[in-house]
> 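Let me begin by handing over the structure; questions about it come next.
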Amino acid sequence: MQPPAALFAKLCTPAPRRPTDESPTVSRGDPNMLDIRALRQDGEAIAEALRKRGYELDLDAFRALDARRKDADVRSQDLQAQRKKASREVGELIKSGMEVDAAKAKVAETLKEIDDQLDGEVERAKAIQEQIRDFLMGVPNVPVEEVPAGSDEDDNVEVRQWGTPRSFDFEPKDHVDVGENLGAGALDFERASKLSGARFAVMTGQLARLHRALIDFMLDTHTGEHGYQEVYVPYLVGPEALRGTGQLPKFEDDLFKMRGERELYLIPTAEVPVTNLAADEIVDADTLPRRYTCHTPCFRSEAGSHGKDTRGMIRQHQFEKVELVQLVRPEESEATLEALTGHAEAILKKLDLPYRVVVLCGGDLGFSAAKTYDIEVWLPSQQRYREISSCSNFRDYQARRMQARWRNPETGKPELLHTLNGSGLAVGRALVAILENYQNEDGSVTVPEALRPYMRGLERLV
RNA sequence: GGAGAGGUGGCAGAGUGGUUGAAUGCAGCGGUCUUGAAAACCGCCGAGGAUUUGCGUCCUCCGUGGGUUCAAAUCCCACCCUCUCCGCCA
C-alpha cells in the first residue's frame, strides 16, 4: 500500500508539540497518556486513538467501575476517619487523667458501630481498585498522532531506504545453505534439534566467532560513538519487571517460565531488565538522559508462530541481541526516537547492508509502544527486506507501570520518565544478512570490513 | 545449608506503643548578604489517593502479608530481600 504524500510528509517532519506555555505537569491534559485521570477527562479521545491500533476500549465498563470505586472510597475513608478520631479521643482522655478502662468504655459503643462496617467497606474498596488496576493493565498504549492507520504489516509506511541491494552474477543461496557449506557443522540445525528441538542453532568455528564479533562490534560502536553505557543484567526476571514493560499480564504465552517456587521468566529481550533498572526510582534530572546498551540472549516461545520462518535462524527460541535503551525527559522522547533509530541504522551502514526503515501502522504496533520504527535488512534469498530492529517510544506508558520517575527541577515534583528502546541489532539476523549479502560464488563469505578487527584480520570465511 | 545483623523520606540516619508522616544531616527550592560567586544565616521541602472552583479537609503508605491493641514505624507471626561470619561451590 502506497502512502499518501501528505502522510509521508508528516512522517518525515517532527510533529508540532504542545504549546510551550502549558505547564509541564505530567498527569493532566495530555491525551497521549493512558493514566486514569486522562481516561476520566478524555475518555472519548483516548478510545478513538486506541481504535487506530484496533483496540476497542470499553469506556462504559470503565466508567461504571470508576463510579463504584468512588463510592467505595468515600465510604471506607469516612469510616476510617471516624475510627481514628475515636481512638485519638481515648488517648486524650487518658492524658487528662481518666482511668484507662473508663476511657475505653466511653468510646466502646461508637467503635463497635464503626467496626461492624469498616472491614467490609475497606475490603470492597480494595477489590474495586484491584479491578481497575487489572483493567488498566490490559489496555495497550495510545499511538501518537502521526502513526499511520492500518491493520497489519502491509500497512506500514516506508520512511527511507539506504544502500542498494547487490546484484549477483550467480544464484544466491539462502543463509542455511551458505552456512552449511562453510565447513562441517559451521551452521548446524540438526544437532541443535537433537539437543533442544526445533528453532535452535549450533554454530562452530569461524562462524561462531563471527557471531561473537558482531556482538563486540555493536557494543563498541554504541559505547564509543553513540554515548551509551554498557550494562550487564540478569537473564531471569520476576513477574513485576515483565508487568512494567508490558509483557505481562497479556503475553505470558510468549515467555519461557522457570519451574520451581521462585516465579522467574527467561527474558524475551534485554528491554525488560534494562528498562526496569529505573523501576520504583525517582532519578535526578541531571542523570538524564540515561543511555544503556546491553547484550543478552533472548528467549521466546514463539507461540502462535507455527509454520512461520521454520527454515534457518530467522526465528529462534534463543537468539542474541544488543539492545539500546534510553530513559529521557518527556519533552525529549520524540527526538530521541529518531536518534536511537539512527544509532541502530549506523550498525547496518558500517556493515554495508542495505536496509529500509518503516513506521509501523496502528494495527502492527506492539502493546506498550506509542510509535515504532522497524528497520528491515535486505535478504537476497527472499528478495525482500526483513525486520532486524524495532525501535519504539513508549512515552510514559512503561514508566507508569513500573513507577519510574524523575524529579523535575521546574516543579520540584516527581514526574514519569519516558522510555525508549530498540534493537541495535538482532545478532542472529545480522549474521543471516551477512551470510546472504556477502556470499561468494565459491561458497566462501567475505568478512565485512568493519568486523575484520574483531576477526584477527580474517577476510573470508571458507 | 548453619549462625547473626538489618530493611524508615532523593540520599544518609534517628525513632521501640499514643495526636509521629516521622528528629537530624546532606541534596533540592526560596530569601538575606555579595559587584558576582562561595561561605554564612533564615525559611520551605516525602509519595500516592479521595473530595473541593479554590483555600482546605480527609484517607493510605516506615520491605510484604497477617495478628495483638481503643491506639503500631514501634509488640507478635510468616514471607521476601540485603549485609556479615562459617560451610559448599562456578
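Lettering follows sequence order; numbering is per chain, from 1.
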> Regarding A:R133, tell me which of base, sugar-phosphate or nothing describes its non-hydrogen contacts under 4.0 Å with the strands shown.
nothing
> Using a cut-off of 4.0 Å on non-hydrogen atoms, how would the nucleic acid contact of A:R75 be classed: base, sugar-phosphate, or nothing?
nothing
> What's the gap between B:A39 and B:A22 when it is taken at their P atoms, as a whole Å value?
29 Å
> A:H295 and A:E320: side-chain donor and acceptor closer than 3.5 Å?
yes
> If the P atom of B:A78 is compared with that of B:G2, how far apart are they to the nearest Å?
15 Å
> Give every donor-acceptor pair under 3.5 Å between a side-chain atom in residues 115-124 of chain A and any protein atom, sequence neighbours left out.
unit_1: A:D115; atom_1: OD1; unit_2: A:R83; atom_2: NE; d: 2.7
unit_1: A:D115; atom_1: OD2; unit_2: A:R83; atom_2: NH2; d: 3.2
unit_1: A:R124; atom_1: NH2; unit_2: A:D71; atom_2: OD2; d: 3.1

> For A:G91 and for A:K84, locate the closest nucleotide of RNA chain B by heavy-atom distance; then report the residue assigned to the nucleotide nearer the 5' terminus.
A:G91
> Just call it for A:P409: base, sugar-phosphate, or nothing, with non-hydrogen atoms closer than 4.0 Å on any strand.
nothing
> Roughly how far apart, to the nearest Å, are B:U82 and B:C88 at atom P?
23 Å
> Which whole number of Å gives the distance between the C1' atom of B:C79 and that of B:G30?
46 Å
> Distance check, P atoms only: B:U57 and B:C80, in whole angstrom units.
43 Å
> Can you tell me the Watson-Crick or wobble partner of B:A3, both distances under 3.5 angstrom?
B:U84
> What is the base-pairing partner of B:U69, counting Watson-Crick and G-U wobble geometry with both distances under 3.5 Å?
none
> For A:K112, report the nucleic acid contact type (base, sugar-phosphate, nothing); a contact means any heavy atom under 4.0 Å.
nothing
> Could you work out, with salt bridge (charged side-chain N to carboxylate O under 4.0 Å, His left out) as the rule, every residue matching A:E190, not counting sequence neighbours?
none
> With both distances under 3.5 Å as the test, what is the Watson-Crick or G-U wobble partner of B:U24?
B:A12
> What range of RNA chain B does chain A touch, first nucleotide to last, counting atoms under 4.0 Å from its heavy atoms?
B:G10 to B:C81
> Taking B:C29 as the reference, what is the distance to B:A37 when you measure between their P atoms (whole Å, please)?
14 Å
> Can you name the residues that form a salt bridge (charged side-chain N to carboxylate O under 4.0 Å, His left out) with A:E252, not counting sequence neighbours?
A:K257
> Need the pair for B:C79. Rule: Watson-Crick or G-U wobble, both distances under 3.5 Å, any strand; none if unpaired.
B:G63
> Searching all strands shown, indicate the nucleotide that pairs with B:U57 (Watson-Crick or G-U wobble; both distances under 3.5 Å).
B:A50
> Under 3.5 Å for both donor-acceptor distances, Watson-Crick or wobble: does B:U32 have a partner, and if so which one?
B:A40
> Using the test salt bridge (charged side-chain N to carboxylate O under 4.0 Å, His left out), find all partners of A:E240 that sit at least two apart in sequence or belong to another chain.
A:R243
> Scan A:V74 against the nucleic acid and name what it touches under 4.0 Å (heavy atoms): base, sugar-phosphate only, or nothing.
sugar-phosphate
> If you find the nucleotide of RNA chain B closest to A:V107 and the one closest to A:R405, which residue's nucleotide is nearer the 5' end?
A:R405
> Please table the atom pairs, donor to acceptor, closer than 3.5 Å between any side-chain atom in residues 227-236 of chain A and protein atoms at least two apart or in another chain.
unit_1: A:Y228; atom_1: OH; unit_2: A:Q326; atom_2: NE2; d: 2.9
unit_1: A:Y228; atom_1: OH; unit_2: A:H343; atom_2: ND1; d: 2.7

> Give me the one residue out of A:N393, A:L327, A:V328, A:N276 that meets side chain to side chain contact (heavy atoms under 4.5 Å, CB included) with A:T419.
A:L327
> Going by distance alone, is a donor N or O of one side chain under 3.5 Å from an acceptor N or O of the other, for A:S333 and A:H418?
yes
> Taking the C1' atom in each of B:G7 and B:C59, what is the distance between them to the nearest angstrom?
26 Å
> In whole angstrom, give me the gap between the P atoms of B:U64 and B:C81.
15 Å
